[in-house]
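Numbers for residues simply follow the sequence, beginning at 1. Since the model is a prediction, treat every value here as computed from it, not as a measurement.
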Amino acid sequence: MSDRLAVRKTYKLYVGGKFPRSESGRSYLVQDSNVALASRKDVRDAVLAARAAVKGWSGATAYNRGQILYRVAEMLEGRRDQFIGLGEVPADVDAAIDRWVWYAGWSDKIAQVYGSANPVAGPYFNLSAPEPTGVVGVVAPPESPLLGLVSVVAPAIVTGNTVVVLASEGRPLPAVTLAEVLATSDLPGGVVNILTGRVAETGPWLAAHMDVNAVDLTGVPGADLARSLEEAAADNLKRVVRPPAEPVDWTADPGLGRMTAFLETKTVWHPKGT
């Protein structure tokens with residue numbers, strides 16, 4: 001029998017395409033691993049990275065975004081056994097892979113479905129087209145740390161938004177392992193930023209941040225915290241997706257609602273003829 005001490009894996013944050021330690025220097029123990037405990041400063045850094053990535057990501061072609069999401073699915077497929085080793089149900093890992101593919105296919109179609117040429121009285125073209133909202137703060141669902149996470153992140157970024165994610169506090173390892181997948185999937189740095197730690201500690205700073213355009217509170221634990229985050233989000237009129245009233249079946253058909261929740265509609269007029 002060896003008397004040596006095992007070296008615990010230390011999981012860091014994922015911000016701006018890099019893996020920094022928490023500014024606070026704190027961590028907590030999960031499944032014999034050390035996981036970073038994010039702070040207010042980490043939230044600010046993540047929002048700054050997400051904002052810096054908006055122009056390039058939203059300006060990329062829809063086809064290019066779809067190809068990158070498909071690449072994420074490929075890389076996740078290659079690390080399937082690793083996620084199962086973290087305690088993920090094999091069927092959920094497969095569903096998470098399929099979900100990336102599903103949203104990748106929608107990348108160049110959502111504008112056709114939700115854009116329109118509007119009939120108007122007069123010699124004009126009147127065209128409406130969906131555009132991304134910007135930076136979206138996401139509280140990941142704790143009961144489904146991989147499939148649920150993918151189901152809230154993929155629809156936000158496929159349309160050109162960037163996200164700051166607060167991972168499941170009790171089961172963060174699938175989220176930070178997914179960050180390793182994203183880092184090798186051609187996804188530009190800053191498009192997805194993942195923070196681990198206490199949602200009750202970091203959530204208020206994310207919801208109140210004036211450079212965040214929308215928040216998805218799907219994974220907020222408790223009605224009181226959800227209400228306080230929604231009130232904080234009101235200061236700059238953020239779009240808010242409230243926590244579901246009933247448990248979500250993350251294996252069900254996701255529909256288009258999570259894509260359209262973070263889209264704005266831009267309408268332009270153009271005269272006909274010369």
The test is side-chain contact (heavy atoms from CB on, under 4.5 Å); show your working for Ile157 and Tyr103 and say whether it passes. CA-CA 10 Å; Ile157 66 171; Tyr103 279 114; over 6 Å; no

Give every donor-acceptor pair under 3.5 Å between a side-chain atom in residues 11-18 and any protein atom, sequence neighbours left out.
none

How far apart are the C-alpha atoms of Val181 and Phe83, what are their side-chain angles, what is the distance that settles it, and do they pass the side-chain contact (heavy atoms from CB on, under 4.5 Å) test? CA-CA 11 Å; Val181 171; Phe83 283 92; 4.1 Å; yes

Counting distance only, does the side-chain N/O of [X] pair as donor-acceptor with the main-chain N or O of [Y] below 3.5 Å?
{"X": "Asn193", "Y": "Val163", "answer": "yes"}
{"X": "Lys238", "Y": "His209", "answer": "yes"}
{"X": "Arg239", "Y": "Leu263", "answer": "yes"}
{"X": "Ser22", "Y": "Leu37", "answer": "yes"}
{"X": "Arg65", "Y": "Trp57", "answer": "yes"}
{"X": "Ser58", "Y": "Gly160", "answer": "no"}
{"X": "Asp186", "Y": "Ile68", "answer": "no"}
{"X": "Asp235", "Y": "Met210", "answer": "no"}
{"X": "Ser116", "Y": "Ser128", "answer": "no"}
{"X": "Tyr28", "Y": "Glu169", "answer": "yes"}

Cluster question for you: counting only ILVMFWY and a side-chain heavy-atom cut-off of under 4.5 Å, with indirect links fine, are Val191 and Leu166 together?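 As far as the 4.5 Å side-chain criterion goes, Leu166 and Val191 are not connected within one cluster.
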
[X] to [Y] - nearest heavy-atom pair and separation:
{"X": "Val30", "Y": "Leu173", "value": "O-CD1, 4.1 Å"}
{"X": "Ala53", "Y": "Gly189", "value": "CB-O, 3.6 Å"}
{"X": "Thr184", "Y": "Arg71", "value": "O-NE, 4.5 Å"}
{"X": "Ala200", "Y": "Leu225", "value": "CA-CD2, 4.0 Å"}
{"X": "Ala226", "Y": "Val220", "value": "N-CG1, 3.5 Å"}
{"X": "Ile194", "Y": "Ala175", "value": "CD1-O, 3.5 Å"}

Report the residue from Leu146, Val93, Val150, Leu147 that forms a side-chain contact (heavy atoms from CB on, under 4.5 Å) with Pro174.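 Of the listed residues Leu146, Val93, Val150, Leu147, the side-chain contact (heavy atoms from CB on, under 4.5 Å) partner of Pro174 is Leu146.
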
Please say which of Pro244, Pro142, Pro243 ends up in a side-chain contact (heavy atoms from CB on, under 4.5 Å) with Thr218.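 Testing each of Pro244, Pro142, Pro243 against Thr218, the sole residue satisfying side-chain contact (heavy atoms from CB on, under 4.5 Å) is Pro244.
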
Nearest 0.5 Å, what's the [atom1]-[atom2] distance between [X] and [Y]?
{"X": "Asp211", "Y": "Asn236", "atom1": "CG", "atom2": "CG", "result": "8.5 Å"}
{"X": "Leu237", "Y": "Asn213", "atom1": "CG", "atom2": "CG", "result": "11.0 Å"}
{"X": "Trp269", "Y": "Leu127", "atom1": "CH2", "atom2": "CG", "result": "10.5 Å"}
{"X": "Asn126", "Y": "Lys272", "atom1": "CG", "atom2": "NZ", "result": "10.5 Å"}
{"X": "Ser185", "Y": "Glu74", "atom1": "OG", "atom2": "CD", "result": "9.0 Å"}
{"X": "Leu86", "Y": "Leu178", "atom1": "CG", "atom2": "CG", "result": "11.0 Å"}

Determine which pairs satisfy side-chain hydrogen bond (donor to acceptor under 3.5 Å, both in side chains) with at least one residue from residues 75-99, sequence neighbours left out, and list them in order.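 Residue pairs with at least one partner in residues 75-99: Arg79-Gln82, Arg79-Glu180, Arg80-Asp94, Glu88-Arg171, Arg99-Ser151.
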
Does Tyr114 form a side-chain contact (heavy atoms from CB on, under 4.5 Å) with Thr265? I'd like the steps, not just the answer. CA-CA 9 Å; Tyr114 280 90; Thr265 299; over 6 Å; no

What do the steps show when you test Val47 against Trp205 for side-chain contact (heavy atoms from CB on, under 4.5 Å), and what is the final call? CA-CA 10 Å; Val47 173; Trp205 301 114; over 6 Å; no

Check whether any side-chain heavy atom of [X] sits under 4.5 Å from a side-chain heavy atom of [Y], and report yes or no.
{"X": "Leu29", "Y": "Asn34", "result": "yes"}
{"X": "Asp253", "Y": "Trp102", "result": "yes"}
{"X": "Val152", "Y": "Val165", "result": "no"}
{"X": "Leu217", "Y": "Arg242", "result": "no"}

Side-chain H-bond candidate by donor/acceptor type, Thr202 with Asp42, under 3.5 Å: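 No, because no side-chain N or O of Thr202 sits under 3.5 Å from a partner of the opposite role on Asp42.
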
SB check Arg26 Glu201 (cutoff 4.0 Å):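 Salt bridge between Arg26 and Glu201, a charged N being under 4.0 Å from a carboxylate O: yes.
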
